[in-house]
Amino acid sequence: MTARYDPSEAEPKWRAAWAEVDLFRALSHAEAGDRPKAYVLEMFPYPSGRLHMGHVRNYAMGDVVARYRRAKGYNVLHPMGWDAFGLPAENAAMERSVHPGEWTYKNIDAMRAQFQQLGLSLDWSREFATCDPEYYGAQQALFLKMLEKDLVYRKASKVNWDPVENTVLANEQVVDGKGWRSGAPVEQRELTQWFFKITAYAQDLLDAVKTLDRWPEKVRTMQANWIGRSEGLQMRFPFAGDTPEGFEDGIEIFTTRPDTLFGASFIALSPDHPLTIALAEESETLSAFRADCAKVGTSEEAIEKADKVGIDTGLRVAHPFIEGETLPVWTANFVLMGYGTGAIFACPAGDQRDLDFARKYDLPVKPVVLPADADADTFIIEGEAYVGPGTLYNSGFLDGLSTEDGIAAAINKIESMGLGERTVNFRLRDWGVSRQRYWGCPIPIVHCETCGAVPVPGDQLPVRLPEDVTFDAPGNPLDRHPSWKHVPCPVCEKDAVRETDTLDTFADSSWYFARFAGAEDLEERAYWLPVDQYVGGVEHAVLHLLYARFFTRAMRDIGELDLPSGEPFAGLFTQGMVTHETYRAEDGRWLQPTDVEHAGDSWIEIASGAPITVGGVEKMSKSKKNTVDPDSIVATYGADTARLFMLSDSPPERDVEWTQAGVEGAARFQQRVWSLYGASPSITEPETSNAAISIRKLSHKSAAAIEKSIEDFRFNAGVAALYEWVNGLKKMDAELSAIPGAAHEALSMLARCLTPFMPHLAESCWAQLGEAGFVSAAPWPEADPTLLQDDSVTLPIQVNGKRRSEITVPKSMDKADVEALALADETVVGFMDGAAPKKVIVVPGRIVNIVI
RNA sequence: GCGGGCGUGGCGAAAUUGGUAAACGCAGCGGACUUAAAAUCCGCCGACCGUAUAGGUCUUGCCGGUUCAAUUCCGGCCGCCCGCACCA
């Protein structure tokens, strides 16, 4: 009998052995020659300092794919690095007087050690942190090239200001009107800042979503919605009567429903519209209204509760189609400045918001779209607007047209009148990237009074962050640094100041995968990209993934990346979270899983013996203390067990619940596998006895099933197939010694199929079996197709769709013979009760159904 | 409100071209081994009727449809989760 498998002894030994020969180093294009490449990448981690179980799951999944592809003969790139800029480092600096850089690099060291314990097949030679000057210097060069190509610009604009973090946020970082990290209500401020022109690619980013057929449907939909394309008409309404100064052209609006122009009842301006602002200077009512609107949050509840309110400006505009008719101009709180032109024409009969507003202020409601099944004489609009399609009426030259034709006709008319034109509007805004923070990539610009914003010359990059900074005052340490920002202008050499804003850290993660592929080598980048399989959390469905798609396009267009499609990630998989039960003491304190135990029928806190409440299963989080520390799991059970459990039980895209019993099950499996490798059966030709054939069939079928489960990202099914295989071999344990050839083949195949899931154990088994080299470098066992087929097959026999019996027949038996056998079956005869079958369906190899 | 997804035993789940529903694991029950426990091994384990290792009936959120056959396809409900949201 073999001794128990001791992961604490075996695992470090194998990791050291892999490292010694640099087993997982990716080959360059030249070295690899004709071998196909596979770039497998997990979203790189933020170096918080501690690994959590979510990391284990994420990287275990990527490692299964990477190891499998390597076994399949691919030249695999599976790198690791650190998304190292960001706010937590500055918070640590404030709380503990430690430099953000020092804190970050210490965390990286700690997490690298933790990662290395997991036995991931990573190429560490390409490791970098985004806070390395080599990386952010290269990023600064990209920024300047993008600036040259007009993909970066600077403008004053209203920005989302997070009052807690003292910085600007991108639109994507504002959730429910609150900062995505701080949770503080976002304020509006006017600031000059830098923008990436992501809208230049809006159409392409949208179109290409359709080509991402190895992305989850959900993520594609979210991206498409975020880009938010709508076709319509941008037009102006000239003033009738008083024309305010500076608005001689009238009021510019955007609409997707120009067919309803005859139903126009009023014009509504956003409270932040330039005309509203201009008028407010003269009107106290209006400026008070504007102030009120600014106060109301944009959270879900706020929007739902907020009444539609507005103020009549007293101005009037001319209706474009109806001679002599004028429309009042209101300022209304429901019109957004951030979409379209910040002004709309309202057709209350065809839009619920317009209708609510019209009812409140007693404005006209004129129906112009008749639903297909309605009668023009009786159709009325009361509390609900009709937003669907129909036939136009009450609409002059548009009468009788369908909604679709009416839209086209109205646009043509407006265009011929010179009042506007067909346009496409996107919800996507340009990406504001200036952040008033220290721990980020400095924007490589010098501001000169004479020359303006001047790019830092290439030979002066990187613009390094100064080390001697303080965090004892609010605001940006770069801005108050005594000397750093004072530099001569690169052009005129007069005194000038550096830009003290740094780039949004999402920029850092928008191209790191290209840097892994080739630090300076564009040919290597072209070879590796796109990433073949990307794995990460669905929380990045919009932000990171959209920004990365933008960056690869921009890099392509500035000559930094030969990637015609511009798509960085050919395959994307979004994995579910790791959850755990929650525990609460009677006084409401959250308790850690290690602080509680099951006692009889109830749960108690170990320290006090007091009863506790077991709460719901939720995402592991520090605040609810329902976390499990990967280090202690690895120490207790080994990395392989932790990996296996993270991959079993639940489909990868779904959440998985961490349970003690589940981990123990995985640990048991580890010992069961090891126990198969006691004796080392000699390498001979597989035997042909029944036992040998049965073992060979089991092995080849299992290997094929595991292969398919990995290809399809269904690791839980792969783990189940491993269990079945091992259980089957255990059952035949006694017979294995009599058939050493088949046994050796089975155990060799098993070790290789085990490798992606439990690589250390697989190496130990491989060595025990007497195989040469590393199983981590061994080829995937190709299943023999002849062994996947059975000679005979057991068919269920249904009578009227209910299973009544079964027969075992040779696989090749023809349908008529199968039918005859089925009809002769004793049980079937009993159920047929003498009746003649109306119909007999024989699906070869599947089923027989007799209809009587 | 709009969009997407999900709903199967006590629990996590399988059944990925419409063809034996519940593989595999967890929990549970019974047994073997042991002075004992742990570990390990063996057996049972959807519900109901039944003494049952006989047999039968029912069962994939609910109602209906297509089909010889539906967890799978179609229509309508119900519930849960996620995303977006006064986007004109």
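All chains are named by letter (A, B, ...) in the order of the sequence lines, taking the proteins before the strands, and each is independently numbered beginning at 1.
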Visitor: How long is the line joining CG of D354(A) and P of rA88(B), in whole Å?
Guide: 12 Å
Visitor: Angle between ring planes, Y547(A) versus W431(A), binned at 30° and 60°: parallel, tilted or perpendicular?
Guide: parallel
Visitor: If you look at every strand shown and take non-hydrogen atoms under 4.0 Å, does R229(A) touch a base, only sugar-phosphate, or nothing?
Guide: nothing
Visitor: Take atom CZ of R804(A) and atom C1' of rG56(B), then tell me their distance rounded to the nearest Å.
Guide: 8 Å
Visitor: So which nucleotide from rA88(B), rC84(B), rU16(B) ends up closest to the side chain of K708(A)?
Guide: rU16(B)
Visitor: Do you know which of V851(A), I850(A), I852(A), N849(A) makes side chain to side chain contact (heavy atoms under 4.5 Å, CB included) with V840(A)?
Guide: I850(A)
Visitor: By nearest atom, which of the nucleotides rA39(B), rC86(B), rG4(B) is closest to the R4(A) side chain?
Guide: rA39(B)
Visitor: If you only use heavy atoms from C-beta on, which nucleotide in rA88(B), rG3(B), rC86(B) is closest to the side chain of Y339(A)?
Guide: rA88(B)
Visitor: Using Watson-Crick or G-U wobble geometry with both distances below 3.5 Å, tell me the partner of rC73(B), or none.
Guide: rG65(B)
Visitor: Considering only atom C1', compute the distance from rG46(B) to rA14(B) and round it to an integer number of Å.
Guide: 15 Å
Visitor: I want to verify a distance call: between rC87(B), rA14(B), rA39(B), whose nearest atom is closest to the R654(A) side chain?
Guide: rA14(B)
Visitor: Pick base, sugar-phosphate or nothing for F426(A), based on heavy-atom distances below 4.0 Å to the nucleic acid.
Guide: nothing
Visitor: Does CD belonging to E421(A) count more than 12 external heavy atoms closer than 6.0 Å?
Guide: no
Visitor: Please determine whether a side-chain nitrogen or oxygen atom of R803(A) lies at a distance below 4.0 Å from atom OP1 or OP2 of rA21(B).
Guide: no
Visitor: Atom CZ of R220(A) and atom C1' of rC84(B): how far apart are they, to the nearest Å?
Guide: 18 Å
Visitor: Going by purine N1 to pyrimidine N3 plus the second Watson-Crick contact, or the G-U wobble pair, all under 3.5 Å, which nucleotide sits opposite rU20(B)?
Guide: none
Visitor: Tell me which of E217(A) and D351(A) sits closer to the 5' end of RNA chain B, going by the nucleotide each one is nearest to.
Guide: E217(A)
Visitor: Can you label the angle between the H540(A) ring and the H544(A) ring as parallel, tilted or perpendicular, going by 30° and 60°?
Guide: perpendicular
Visitor: For V663(A) and V628(A), run side chain to side chain contact (heavy atoms under 4.5 Å, CB included): C-alpha distance rounded to whole Å, both residues' side-chain angles, the deciding distance at 0.1 Å, then the answer.
Guide: CA-CA 12 Å; V663(A) 185; V628(A) 170; over 6 Å; no
Visitor: Determine, step by step, whether T341(A) and Q234(A) satisfy the side chain to side chain contact (heavy atoms under 4.5 Å, CB included) criterion, reporting the C-alpha distance in whole Å, the side-chain angles of both residues, the deciding distance to 0.1 Å, and the verdict.
Guide: CA-CA 8 Å; T341(A) 62; Q234(A) 184 157 331; 3.6 Å; yes
Visitor: According to the Watson-Crick and G-U wobble definitions, with both distances under 3.5 Å, which nucleotide is paired to rC45(B)?
Guide: none
Visitor: May I ask which nucleotide in the shown strands pairs with rC84(B), Watson-Crick or G-U wobble, both distances under 3.5 Å?
Guide: rG1(B)
Visitor: Taking OP1 and OP2 of rC68(B), is either one under 4.0 Å from a side-chain nitrogen or oxygen of K802(A)?
Guide: no
Visitor: How long is the line joining CG of L269(A) and C1' of rA88(B), in whole Å?
Guide: 13 Å
Visitor: Determine which nucleotide pairs with rU40(B), using a 3.5 Å limit on both distances of a Watson-Crick or G-U wobble pair.
Guide: rA32(B)
Visitor: Under a 3.5 Å limit for both distances, which nucleotide forms a Watson-Crick or G-U wobble pair with rU60(B), could you say?
Guide: none
Visitor: Applying ring pair (Phe, Tyr, Trp, His ring centres under 6.0 Å), run through Y361(A) and F266(A) and close with a yes or a no.
Guide: CA-CA 11 Å; Y361(A) 294 105; F266(A) 59 99; 8.7 Å; no
Visitor: Between atom CD1 in I407(A) and atom P in rA88(B), what is the gap in whole Å?
Guide: 12 Å
Visitor: Tell me which nucleotide, if any, is Watson-Crick or G-U wobble paired with rG10(B) when both distances must be under 3.5 Å.
Guide: rC26(B)
Visitor: Considering only atom P, compute the distance from rU53(B) to rC49(B) and round it to an integer number of Å.
Guide: 15 Å
Visitor: For rG30(B), does the O4'-C1'-N9-C4 or O4'-C1'-N1-C2 angle fall within 90° of 0, making it syn, or is it anti?
Guide: anti
Visitor: Please enumerate all protein N or O atoms sitting under 3.5 Å from an N or O of nucleotides 23-30 of chain B, with distances to 0.1 Å.
Guide:
unit_1: rA23(B); atom_1: O2'; unit_2: E724(A); atom_2: OE1; d: 3.1
unit_1: rA23(B); atom_1: O2'; unit_2: E724(A); atom_2: OE2; d: 3.2
unit_1: rG25(B); atom_1: OP1; unit_2: N727(A); atom_2: ND2; d: 3.0
unit_1: rC26(B); atom_1: OP1; unit_2: R668(A); atom_2: NH2; d: 2.5

Visitor: Does one side chain, of N225(A) or R427(A), offer a donor that lies under 3.5 Å from an acceptor on the other?
Guide: no
Visitor: Once you measure the plane-to-plane angle for F645(A) and W658(A), does it fall in the parallel (<30°), tilted (30-60°) or perpendicular (>60°) bin?
Guide: perpendicular
Visitor: Could you state the atom-to-atom distance from CZ of F715(A) to P of rA13(B) in whole Å?
Guide: 17 Å
Visitor: Looking at residues 837-848 of chain A, who's got a heavy atom less than 4.0 Å off RNA chain B?
Guide: K839(A), I841(A), V843(A), R846(A), I847(A)
Visitor: In whole angstroms, how far is the P atom of rG5(B) from the CE atom of M222(A)?
Guide: 13 Å
Visitor: C1' atom, rC84(B) versus rU67(B): distance in rounded Å?
Guide: 40 Å
Visitor: Expressed in whole Å, how much space separates the C1' atoms belonging to rU71(B) and rA21(B)?
Guide: 8 Å
Visitor: For nucleotides rC62(B) and rG7(B), find the distance between their P atoms and express it as a whole number of Å.
Guide: 13 Å
Visitor: Between L647(A) (CG) and rA14(B) (P), how many Å, whole number?
Guide: 14 Å
Visitor: Taking only the C1' atom of each, what is the distance from rG75(B) to rU66(B) in whole angstrom?
Guide: 11 Å
Visitor: Using only heavy-atom distances, determine whether the side chains of N626(A) and T582(A) contain a donor-acceptor pair under 3.5 Å.
Guide: no
Visitor: Give me the distance, rounded to whole Å, that separates rG83(B) from rC48(B) when you measure between the P atoms they each carry.
Guide: 40 Å
Visitor: Quick check for you: among rU20(B), rG3(B), rC68(B), whose closest atom lies nearest to any side-chain atom of T221(A)?
Guide: rG3(B)
Visitor: Return the nearest nucleotide to the side chain of N333(A); candidates are rC68(B), rA88(B), rC86(B).
Guide: rC86(B)
Visitor: Do the ring planes of F357(A) and W330(A) sit parallel (below 30°), tilted (30 to 60°) or perpendicular (above 60°)?
Guide: perpendicular
Visitor: Sticking with atom P, work out how far rG61(B) lies from rU57(B), rounded to a whole angstrom.
Guide: 22 Å
Visitor: Please work out whether the ring planes of Y5(A) and W674(A) are parallel, tilted or perpendicular, with thresholds of 30° and 60°.
Guide: tilted
Visitor: Just grab all the side chain to side chain donor-acceptor pair (under 3.5 Å) pairs involving residues 700-711 of chain A, residues at least two apart or on different chains.
Guide: Y68(A)-E707(A), Y68(A)-E711(A), R69(A)-E711(A), K72(A)-E707(A), H700(A)-E745(A), K701(A)-D790(A), E707(A)-W780(A), K708(A)-D712(A)
